[in-house]
2 protein chains.
Amino acid sequence: MTVPTGRRERKKAATRRKIADTALRLFLERGYDAVGIREVAAEADVAVTTVFSHFASKEALVFEQDEGFEQRLAQAVTNRAPDEPLIPALRREVLALVRHCTADGAAPIQRMIAASPALRQYEDSMRLRHAESLAAAVAADPALARTGTVCRTLARFVVDAYALAREADDPDAAVDEIFRMIEAAWEVTAPSR
Amino acid sequence: MTVPTGRRERKKAATRRKIADTALRLFLERGYDAVGIREVAAEADVAVTTVFSHFASKEALVFEQDEGFEQRLAQAVTNRAPDEPLIPALRREVLALVRHCTADGAAPIQRMIAASPALRQYEDSMRLRHAESLAAAVAADPALARTGTVCRTLARFVVDAYALAREADDPDAAVDEIFRMIEAAWEVTAPSR
DNA sequence: ACCGTAACACTAACCGTTAGGTTTTCCTGC
DNA sequence: GCAGGAAAACCTAACGGTTAGTGTTACGGT
């Protein structure tokens, strides 16, 4: 019943980090496709089954750090100031996420992802999961009062903005441009007063 | 150089169709995951390598018939009447596609896809490919005069509409609702006259 | 009739992933 | 402290999708 506090959790987290770090290092050194799971496990000095007990798939090793992103969009909705409109809050968060991903330090990882169809596909489906949780957060806000379909649509549009802006020549300008479209799409669904 | 006319092509097409038909039949009979590629090959009386010379992956066997869909959205743009506005033309095409997929005859296939994460993921990434060709078609129309980012964004929104409407309780109404949003998003990008 | 090539076959492997069952390591209540 | 239980990690072995390598056939153009 007591909350497990201590060494066990620390060791588990250490193993997880060691696997992820080793994997990312090998992937960047020699290419994602050129490094096998057995090799990652050997280099991290763990069993293959241990790798898969920490990560659901080989692709998940690459996106380990981005797990927090899942919640950030939803929190941008639920934690926004009581009187702040929805769209600017989302715009701000998407802009922050885009800047984080297009920062110089992330360039090698982004190049690796772009080079691997498997990683691109994984990221795409990850974004759709994020859209679902964002849609749930939007639908849960009673101040917004939209149908389920509108909430899901908005969520898709927002994650599209994230994906498209990252690939654009000028990410900041792209966020601006796309969010003008999203704002218009959202306004037209306002319930009649 | 000469245009290949004849038996060779017919035999190849026949082999391809035999593989696809056999695979779909087995998948529907016993489930996508429960049928292996080796089994499909044996039942179609071809070698495993032959299956993969016709289809890039196991998932592609399921979506063989939907290959034409790739072009339909783009054609809805390029082949529309000279004075027809873009959005209604796209709305009409998406509605037709949604109705086609939610027709009674397609129900078992849709259920199979919904039951397999691998198939859902494959379809998601297929949609993104479709969005890219749609974006290219929109960008190529000089009468529209929008930036590349706007064209890509619109294309994403349109394929989102397709995906969301299919899952909605009332697909027709969802297409209506979502395309009102798309229309507004598109209008706000109109170049100043 | 003959050659090039496209289609197909067979074998054998590689790689991600999982199941099975065992050992180690830590937490906890005595 | 220590027994008992559980979580974490291990090892082995396999399964299923996918591909490389190497032939073999059958068609099409000359």
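- For the side-chain contact (heavy atoms from CB on, under 4.5 Å) test, residues two or more places apart in sequence or in another chain that qualify with Asp45(B) are Lys18(B).
- Sorted by first and then second residue, the pairs that involve residues 61-91 of chain B and meet ring-ring contact (aromatic ring centres under 6.0 Å, His included), not counting sequence neighbours, are Phe63(B)-Tyr122(B), Phe69(B)-His100(B).
- We find that CD of Glu59(A) is positioned 9 Å from P of dG16(C), with the value rounded to whole Å.
- Residues from residues 31-39 of chain B lying near DNA chain D, meaning a heavy-atom separation below 4.0 Å, are Val35(B), Gly36(B), Ile37(B), Arg38(B) in numerical order.
- Applying the ring-ring contact (aromatic ring centres under 6.0 Å, His included) test to pairs two or more places apart or on separate chains, those with a residue in residues 128-167 of chain B are Phe157(A)-Phe157(B).
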Close N/O contacts between protein and nucleotides 1-8 of chain D (under 3.5 Å):
{"from": "dA6(D)", "atom 1": "N3", "to": "Arg8(A)", "atom 2": "NH2", "distance (Å)": "3.3"}
{"from": "dA7(D)", "atom 1": "N3", "to": "Arg8(A)", "atom 2": "NH2", "distance (Å)": "3.0"}
{"from": "dA8(D)", "atom 1": "OP1", "to": "Lys12(A)", "atom 2": "NZ", "distance (Å)": "3.1"}

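- Applying the side-chain contact (heavy atoms from CB on, under 4.5 Å) rule to Ala74(A) yields the partners Ala137(A); only residues at least two apart in sequence or on another chain are considered.
- In this structure, Phe55(A) has no ring pair (Phe, Tyr, Trp, His ring centres under 6.0 Å) partners at least two apart in sequence or on a different chain.
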Extract from the structure each pairing of a protein N or O with an N or O of nucleotides 18-23 of chain C at less than 3.5 Å, listing the distance.
none

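- Take Phe27(B) and apply the ring pair (Phe, Tyr, Trp, His ring centres under 6.0 Å) test, not counting sequence neighbours, and it matches Tyr32(B).
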Donor-acceptor pairs are to be reported for all side-chain atoms of residues 33-44 of chain B against protein atoms at under 3.5 Å, with residues two or more places apart or in another chain.
{"from": "Glu39(B)", "atom 1": "OE1", "to": "Arg30(B)", "atom 2": "NH2", "distance (Å)": "3.3"}
{"from": "Glu39(B)", "atom 1": "OE2", "to": "Arg30(B)", "atom 2": "NH1", "distance (Å)": "3.2"}
{"from": "Glu39(B)", "atom 1": "OE2", "to": "Arg30(B)", "atom 2": "NH2", "distance (Å)": "2.3"}
{"from": "Glu43(B)", "atom 1": "OE2", "to": "Arg25(B)", "atom 2": "NH2", "distance (Å)": "3.2"}

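- A straight line from CZ of Phe55(A) to C1' of dA9(D) spans 15 Å, rounded to a whole angstrom.
- Summarising the geometry, the separation between NZ on Lys18(B) and C1' on dC8(C) is reported as 13 Å, rounded to the nearest angstrom.
- With sequence neighbours excluded, the residues that form a side-chain contact (heavy atoms from CB on, under 4.5 Å) with Thr147(B) are Glu177(A), Thr149(B), Val150(B).
- No continuous path of ILVMFWY side-chain contacts below 4.5 Å connects Ile178(B) to Leu128(B), so the two sit in separate hydrophobic clusters.
- Rounded to whole Å, the distance from CD on Glu9(B) to P on dA7(C) is 9 Å.
- Remark: Ala47(B) pairs with Thr49(B), Thr50(B) by the side-chain contact (heavy atoms from CB on, under 4.5 Å) rule, at least two apart or across chains.
- Look at NZ on Lys58(B): it is 14 Å from C1' on dT17(C), rounded to the nearest Å.
- Each of Gln75(A), Arg72(A), Arg80(A) was checked for a side-chain hydrogen bond (donor to acceptor under 3.5 Å, both in side chains) with Glu93(A), and the lone residue meeting it is Arg72(A).
- As rounded to whole Å, 13 Å separates atom C1' of dG17(D) from atom CG of Leu119(B).
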